[in-house]
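Reviewing the structure listed below.
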Amino acid sequence: MPHSGTRKIYFSFFMFTADLRPTDSAYTAILTSHLKALTAMGYHGFDVHIAPGDPGGDLQAQVESYRRLRQAFDAAGFADIPFTTNVGTTRTFDPTSPYAEQRHQALRYLKSRVDITSILGGENTIMSGPFLYPYGVFPTTDDGQGIWSDALHAWMQPRYAAARDIFRELADYAATKKVKLAIEPVKNWETPGPTMVSEALDFLDGAQAGACGVTIDSAQVVMESQGPAVFRQNVARAVAQNRLHYFHVSAPDRGAIADCWIPWDIMLGEIEPVYSGPYLVEVFNAIEPFESSMRMTRRRFWRPGEDAPVAGVESAYQVAEAALKTLRRELDAHASKARQRT
């Protein structure tokens with residue numbers, strides 16, 4: 001059982017932004033200051049969101065802008081720091097669309113995101129996120145009524161079927177770039193599907209999408225799952241298929257990790273023996289677009305170098321450091337219990 005100091009732990013930049021603004025050199029300087037502070041704490045790598053950009057924009061130009069951003073990070077002393085990415089599909093770039101032209105437009109978009117992931121993360125990095133069905137897009141009837149429950153499941157099935165060929169080609173392309181694809185199920189108020197790990201695995205079974213796998217997120221599992229027994233079954237199923245590509249450590253309220261409602265014994269008891277990849281600490285700060293899209297009522301963790309300090313409110317760095325200590329403590333406690341059992 002590895003010591004917590006040897007386990008790779010990454011930090012999500014959702015604490016700071018949902019858009020790296022790669023053409024903004026002044027903002028790049030702010031990002032590098034965050035990288036410096038977080039690596040000094042002991043984080044080994046980072047997860048960054050790749051914003052959709054202009055739907056009519058030049059995808060190759062976007063790719064090149066991230067190449068220059070990676071070069072700026074390298075020049076600032078972070079050449080050895082790995083990055084993973086978070087990617088979502090959109091109403092425009094929809095691989096589940098009933099229209100073939102739109103699905104292939106989505107494929108070109110997703111391939112560009114694989115290219116960006118490869119540029120930022122190098123070989124054997126991970127592109128994770130809700131990139132199957134468009135994030136935040138809920139279906140309606142012709143008269144504007146929402147489609148829910150059994151009707152929603154029936155509506156989603158042809159969408160999943162339509163995306164199979166796209167994902168087979170995407171997985172083949174990602175393999176040439178040595179990028180692992182990891183579909184992340186998210187909550188039912190963020191997307192109509194997939195909302196559970198089993199749904200993502202069912203889709204991949206039907207798609208036969210090569211090395212495409214799943215991300216398991218502790219917050220999503222707690223809020224959207226069917227319970228510990230199904231969680232254990234899904235982990236075992238993903239591992240048996242070599243599809244467990246990423247594990248996110250996130251509080252149910254998407255806030256601070258320290259003293260939150262993560263069932264550590266259940267989570268680590270299943271994940272630690274079978275998973276060798278990085279753990280991602282994911283905190284959604286009360287910044288746009290999250291404060292509105294997630295209807296956040298909690299205070300913002302103020303970001304050094306970006307926000308004025310707020311008396312009585314923790315900074316983003318304090319929350320990040322406490323999260324790292326908490327996860328390391330829980331990993332060590334789990335390892336100690338495992339040794340006692342043997």
Side-chain angles (χ1 to χ4, degrees), residues 1-12 38-47 81-82 84 121 124-126 128 180-186 196-198 200-201 204 211 213-283 318-342:
M1 188 69 65
H3 184 272
S4 65
T6 64
R7 171 65 80 172
K8 299 298 183 184
I9 301 176
Y10 293 4
F11 190 75
S12 170
L38 292 160
T39 52
M41 291 176 199
Y43 281 101
H44 303 100
F46 302 95
D47 186 75
I81 297 298
T84 59
N124 300 315
T125 189
I126 306 164
S128 177
K180 293 182 179 179
L181 301 177
I183 298 172
E184 181 182 2
V186 296
M196 292 185 288
V197 174
S198 56
L201 291 172
L204 291 172
V214 296
T215 292
I216 296 180
D217 182 300
S218 63
Q220 312 292 1
V221 166
V222 168
M223 288 186 288
E224 195 70 31
S225 77
Q226 296 160 296
V230 173
F231 171 68
R232 293 185 180 100
Q233 292 167 12
N234 285 335
V235 171
R237 180 181 172 190
V239 170
Q241 299 175 352
N242 196 28
R243 295 196 190 279
L244 179 53
H245 288 346
Y246 214 177
F247 189 81
H248 291 183
V249 178
S250 190
D253 75 340
R254 317 300 277 168
I257 300 297
D259 195 30
C260 75
W261 290 101
I262 293 176
W264 293 106
D265 287 346
I266 295 173
M267 294 285 177
L268 295 181
E270 296 301 315
I271 296 297
E272 267 290 276
V274 298
Y275 176 68
S276 60
Y279 283 94
L280 176 69
V281 170
E282 189 176 55
V283 178
Q318 289 173 313
V319 173
E321 188 167 25
L324 183 60
K325 291 178 179 177
T326 298
L327 179 52
R328 283 177 170 167
R329 183 180 67 244
E330 295 295 340
L331 287 167
D332 285 341
H334 171 79
S336 177
K337 292 175 185 177
R339 285 192 296 269
Q340 290 173 11
R341 287 194 295 268
T342 58

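Here the structure is a predicted model, which means the values were calculated and not measured.
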Item to check | Listed partners of F46 passing ring pair (Phe, Tyr, Trp, His ring centres under 6.0 Å), at least two apart | outcome: F13
Next on the checklist: Test side-chain contact (heavy atoms from CB on, under 4.5 Å) on S128 and K180; report intermediate values, then the result.
Outcome noted: CA-CA 8 Å; S128 177; K180 293 182 179 179; over 6 Å; no
Checklist entry - Hey, what do you get for CG (L244) to CZ (R237), rounding to the nearest 0.5 Å? => result 13.0 Å
Item to check | side-chain contact (heavy atoms from CB on, under 4.5 Å) between Q226 and S198, intermediate numbers included | outcome: CA-CA 10 Å; Q226 296 160 296; S198 56; 4.2 Å; yes
Checklist outcome for this item: Rounding to 0.5 Å, atoms CG (L181) and OG1 (T215) come to a distance of 10.0 Å
Item to check | Shortest non-hydrogen contact from R243 toward L201 | outcome: CD-CD2, 4.1 Å
Item to check | Interatomic spacing from CG in L280 to CD1 in I9 - rounded to 0.5 Å | outcome: 10.5 Å
Checklist entry - Taking only residues two or more places apart in sequence, or in another chain, which ones meet F231 in a ring pair (Phe, Tyr, Trp, His ring centres under 6.0 Å)? => result none
Checklist entry - Given E321 and L38, is the side-chain contact (heavy atoms from CB on, under 4.5 Å) satisfied, shown in steps? => result CA-CA 8 Å; E321 188 167 25; L38 292 160; over 6 Å; no
Checklist entry - Closest approach of F247 and Y275, non-hydrogen atoms and distance? => result N-OH, 3.4 Å
Checklist entry - What is the minimum heavy-atom distance between E270 and V235, and which atoms define it? => result O-CG1, 4.0 Å
Item to check | Worked verdict on I81 versus H44 for side-chain contact (heavy atoms from CB on, under 4.5 Å) | outcome: CA-CA 7 Å; I81 297 298; H44 303 100; over 6 Å; no
Item to check | Y10: partners by side chain to side chain donor-acceptor pair (under 3.5 Å), with sequence neighbours left out | outcome: none
Checklist entry - Side-chain contact, heavy-atom cut-off 4.5 Å: I216 with Y246? => result no
Next on the checklist: Any side-chain to backbone donor/acceptor pair from H245 onto V214? Under 3.5 Å, distance only.
Outcome noted: no
Next on the checklist: Determine whether a donor-acceptor pair (N or O, by modelled atom type, separation under 3.5 Å) exists between the side chain of Y43 and the backbone of A320.
Outcome noted: yes
Item to check | Shortest non-hydrogen separation from V222 to P252 and the atoms involved | outcome: CG1-CG, 4.1 Å
Item to check | Residues which pass salt bridge (Lys or Arg N to Asp or Glu O under 4.0 Å) with E330, listed by chain and number, not counting sequence neighbours | outcome: none
Checklist entry - Just by modelled atom types, is the R7 backbone N or O under 3.5 Å from a matching donor or acceptor in the R328 side chain? => result no
Item to check | Check: S250 main-chain N/O paired with S218 side-chain donor or acceptor under 3.5 Å | outcome: yes
Next on the checklist: Within the structure provided, determine whether E272 and L331 are in side-chain contact (heavy-atom separation under 4.5 Å).
Outcome noted: yes
Checklist outcome for this item: E282 meets the salt bridge (Lys or Arg N to Asp or Glu O under 4.0 Å) criterion, sequence neighbours left out, with R254
Checklist entry - Does any non-hydrogen side-chain atom of D47 lie less than 4.5 Å from one of F11? => result no
Item to check | I183 to P185 - nearest heavy-atom pair and separation | outcome: O-CD, 3.5 Å
Checklist entry - Between M267 and V221, is any pair of side-chain heavy atoms under 4.5 Å apart? => result yes
Item to check | N/O donor-acceptor pair under 3.5 Å between T326 side chain and A322 backbone | outcome: yes
Taking distance alone, no hydrogens or angles, what donor-acceptor pairs closer than 3.5 Å link side-chain atoms of residues 257-265 to residues at least two apart or in another chain?
from: D265; atom 1: OD1; to: K337; atom 2: NZ; distance (Å): 3.2

